[in-house]
Amino acid sequence: MSASALSGILNVPRLRADFPVLERETRPGVPLIYLDSTATSQKPRQVVEALADFYLHHNANIHRGIHTLAEEATAAYEETRARVAKFIGAASPREIVFVRNATEAINLLAYAWGRANLKEDDVVLLTELEHHANLVPWQMLAAERGIRLEFVPVTPEGTLDMSALPALLAREPKLVAVSGMSNVTGFQPDVAEIARQAHEAGALVLVDGAQLVPHAPVDVQALGADFLAFSSHKMLGPTGVGVFYARRELLEAMPPFQGGGDMIKRVTFSGFTANDVPHKFEAGTPAIAEVVGLGAALDYLTAIGMENIHAYEQAIAAYVLPRLQEVPGLHLLGTAQERRGAVFAFWMDDIHPHDIAQILDHYGIAIRAGHHCAQPLHLKFGVPATARASFYLYNTPDEADRLIAALYKAKEVFA
Amino acid sequence: MSASALSGILNVPRLRADFPVLERETRPGVPLIYLDSTATSQKPRQVVEALADFYLHHNANIHRGIHTLAEEATAAYEETRARVAKFIGAASPREIVFVRNATEAINLLAYAWGRANLKEDDVVLLTELEHHANLVPWQMLAAERGIRLEFVPVTPEGTLDMSALPALLAREPKLVAVSGMSNVTGFQPDVAEIARQAHEAGALVLVDGAQLVPHAPVDVQALGADFLAFSSHKMLGPTGVGVFYARRELLEAMPPFQGGGDMIKRVTFSGFTANDVPHKFEAGTPAIAEVVGLGAALDYLTAIGMENIHAYEQAIAAYVLPRLQEVPGLHLLGTAQERRGAVFAFWMDDIHPHDIAQILDHYGIAIRAGHHCAQPLHLKFGVPATARASFYLYNTPDEADRLIAALYKAKEVFA
Amino acid sequence: MDDLYREYILDHYKSPHFRGHLEDYAFVYEDDNPTCGDHLHMELQVDENGMVTDARFDGIGCALSQASADILLEHIVGKPLEEVKQFSKDDLLNLLGISLGPVRLKCALLSLKVLKGAVYGLKPGESLTEEDV
Amino acid sequence: MDDLYREYILDHYKSPHFRGHLEDYAFVYEDDNPTCGDHLHMELQVDENGMVTDARFDGIGCALSQASADILLEHIVGKPLEEVKQFSKDDLLNLLGISLGPVRLKCALLSLKVLKGAVYGLKPGESLTEEDV
Ligand SMILES: Cc1ncc(COP(=O)(O)O)c(C=O)c1O
Ligand SMILES: Cc1ncc(COP(=O)(O)O)c(C=O)c1O
């Protein structure tokens, strides 16, 4: 894949102009090269303007207000719910619950659905690729309820060993919870196929979409996801808001998670009746402005087209992968060429990931170092930490070249 | 209290200039009069600028990043934690947990502390003034665990019947959970005295500070609050962030609430070790920018002085109360003159609260109509709903006069 | 005054034509809006040809919820039951001739929820959502 | 190059003076930084007058964590144990002569956490927080 072929897919220079932070210098003369979008994406002007406009002109609490501002705020909030539903192909806005982040979405499922439906020795099937967000909530439930966790094994290439799936599904898991894309190896499991087999085995399917939804078109009905979790901040939107999707009948059957205002229909001193979905799961004042900001992010992504974003990232991944593999002493955690996003975790002989990150920062290059909230996966590969560079719609092949050059420089410093 | 005496306490015209929404017209020629700050406050420019500056220049995920942006973001987030600690007189920033809102803070307590410490027939003592946020989470625990809820009764004036407290404390509640200020009657219970008696009886004390912290100086140690909950959005800050305060040893003894990234120290496929406080309670990517925005709100409030804000609101309450009481056929839910904030819930003969709100909206006046998430309190007073006007630091006696005039107008329309 | 409170609505609120009860009815239903305490009860008479011959409502609530009940009943009396079943949210809003924000919509739609509950024979305690009407 | 990686730090990382083990020691302790896998082990010799006569560290980790261990031990050998106990976070940062963001601070302070753990006789598994040092 050549650099010039890439420019045919997205007009990156034009869209970069929407991201003021990309014009920043981290030190005088050193422009920022942001390769950490897997941790959190940057935000276009349009999102920040939507936030500011809401706060400065329409700010009010929602749902129970009759005055002009309250009606405007409620309409803006609920319209975004409808837009989210459309963005992921949900059957109804009522299937969309606003939470803090993908992590809370999964905790909501583990608390509300899990505690009502899982009992001792019930199996939840995860994969070895999972982020702590899709592991620790189930471990907490395992400690509390005695459920059992099983794992689809990861291959040496950082993909999933699909051949192990039938035997694991034969244990009749109640839930199969799988990441739509690994934030370490970049692998994008065939979720539709996993869901098909899982449903056949009688399991429900949770897709951790924290990395999938920002980077590829998603249709929950086509995927066969019964539940989906994702975060606004990884897809150009504000922090503080995420989405929990559940099929309507599942959502309606779930008991509430947090109690408080808005999630009730009636309250007396002796008890309460829960509200209709989705409000039943939104206790207290939600992240109103941030939801509105997420709406602006969806508009931005939709205008560019998720298909195009996906194609661009596939292309940039194909550009970066061989160049990284050429760096002597560099080892990738995740070498798949197919079904992968543009995220690359690696370690280098004789240079600790912290030192790689530090030296790259000297060149203005922002990457992450650590276990990326996937400590068990790192342990499996025998490394406590890796350096991770990740690319999004605003990154260029030129930035990839600078990354590679800086890695050679790091090798010199530590030689 | 005369209108001119009020202007000696705060320079309201000057600070109003910081709130662009207050210059808005709800219809051409009809300027906004925002009397709904109890639901959510308006935001000064400074807060919106802090948000925009963060998003456009420093945005990154926190805690594990080494690059410049990540270090800036982490520093900004953690500095705000320290500022919050100072703002409420906490002994250490480690006692401050960032959550979504006051509601989540109380749910966190009910889930993590409640489920570890409360068993069948244990008593939690609430008051009849409580917001659903400080009632429903305990009702959920009562349904699940068989704990018993008792209530300090409300008086006809909308205050608490303190004479009932000793007998209720004799039932040896494990927790006394009391609002620092009612969002309906405006009453500010003597929390320090309640805490003193509660501690003597061996109970811990939760203060629902959602209405107290925005409107009065708070020192958790002086108050004797073991736990405190409040929301950023009610105190000039962004939506999507709130604070759970707990005394350090209590916080350390609590099991985690939500599981995921950042709240762990170590994870393997078979289990996890929780992180140190407060990170143990902050799973996943928090509302980073919103926390930074809350920091700007604290700076704003501190510059004006919480003492001054409190004094101003006391004065405006004293200005409004008699004028409302003069309106024929208007009945206040909460008639206390002492220990009250500037919030007034009322009903009127022959005009439904929705209609009051609607007609006031015609005059640009934003008030709320409903049960204000205190349905049991309304039932006790025999009304399903009230209209509620609330004042904050940016409201003027002139706005109060317009409210009163519009109420007379409503009477005419419905005569 | 606000168009919401223009004479038309206020007239129906202050001097409703269909408030009260019938001696005899084919359909009856009631529901409420717990957040504001609005409550509405409806009775419908239907003849052997499936025509709505008379109707009454009773209840408490804001001007909008009560007036919209009166306006709605005025409109459907004399119409075939099948047509009443097809009557939509938009039809009601057209009838009221006003634009409503999300909260006031609930007030206006209570009448339609109760009407639909009646003609579809819902049992007490069963409830329709706004999406259903 | 970044001042963090200036020769001083890199020298101590690449050619440490105090890496290794002692035949005999009064104090020993080890701890780690689980988020990045840094690990540090320290041994201290103290004579009858309470003077630190020798010390060694061993471990794996980033340049900063390892260099700061070497620099720290170089500084405290020959000092009274009581002075070592008083040695603060700021003292260490002065010694390193660099300014650090919150994440790299953890790397730099691991050496001090292990040193303090040793001189205060912490048991394996007990751990100090950054606030304690
Ligand atoms: C007394 C009181 N407690 C709790 C809350 C809940 O606050 P939030 O909706 O921000 O969680 C409110 C807000 O209305 C309140 O007034
Ligand atoms: C695959 C995956 N799942 C879940 C999460 C958690 O996202 P958040 O921290 O926004 O809750 C992440 C974020 O790093 C992720 O990459």
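The figures that follow rest on heavy atoms only: side chains count, while hydrogens, waters and symmetry mates do not. Nothing here was measured: the structure is a model prediction, and the numbers come from that model.
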Handout entry: Residue D:Lys106 excluded, over 12 heavy atoms near NZ under 6.0 Å
Key = no

Within the supplied structure, the quantity of interest is the number of heavy atoms (other residues, nucleotides, ligands) at a distance under 6.0 Å from D:Lys14 NZ; does it exceed 12?
yes

So CD1 of B:Ile66 and CG of D:Leu64: to nearest 0.5 Å the spacing works out to 9.0 Å

Is it true that B:Arg266 and D:Asp32 make a salt bridge, defined as a side-chain N closer than 4.0 Å to a carboxylate O?
-> yes

Report task. Tell me, with the steps shown, if B:His63 and D:Val103 meet side-chain contact (heavy atoms from CB on, under 4.5 Å). Result -> CA-CA 6 Å; B:His63 287 149; D:Val103 175; 5.8 Å; no

The interface call for B:Ser92 against chain D, heavy-atom contacts under 4.5 Å, is side chain

(request) For B:Glu249, look at atom CD and say whether over 12 heavy atoms of other residues, nucleotides or ligands are found less than 6.0 Å away. (result) yes

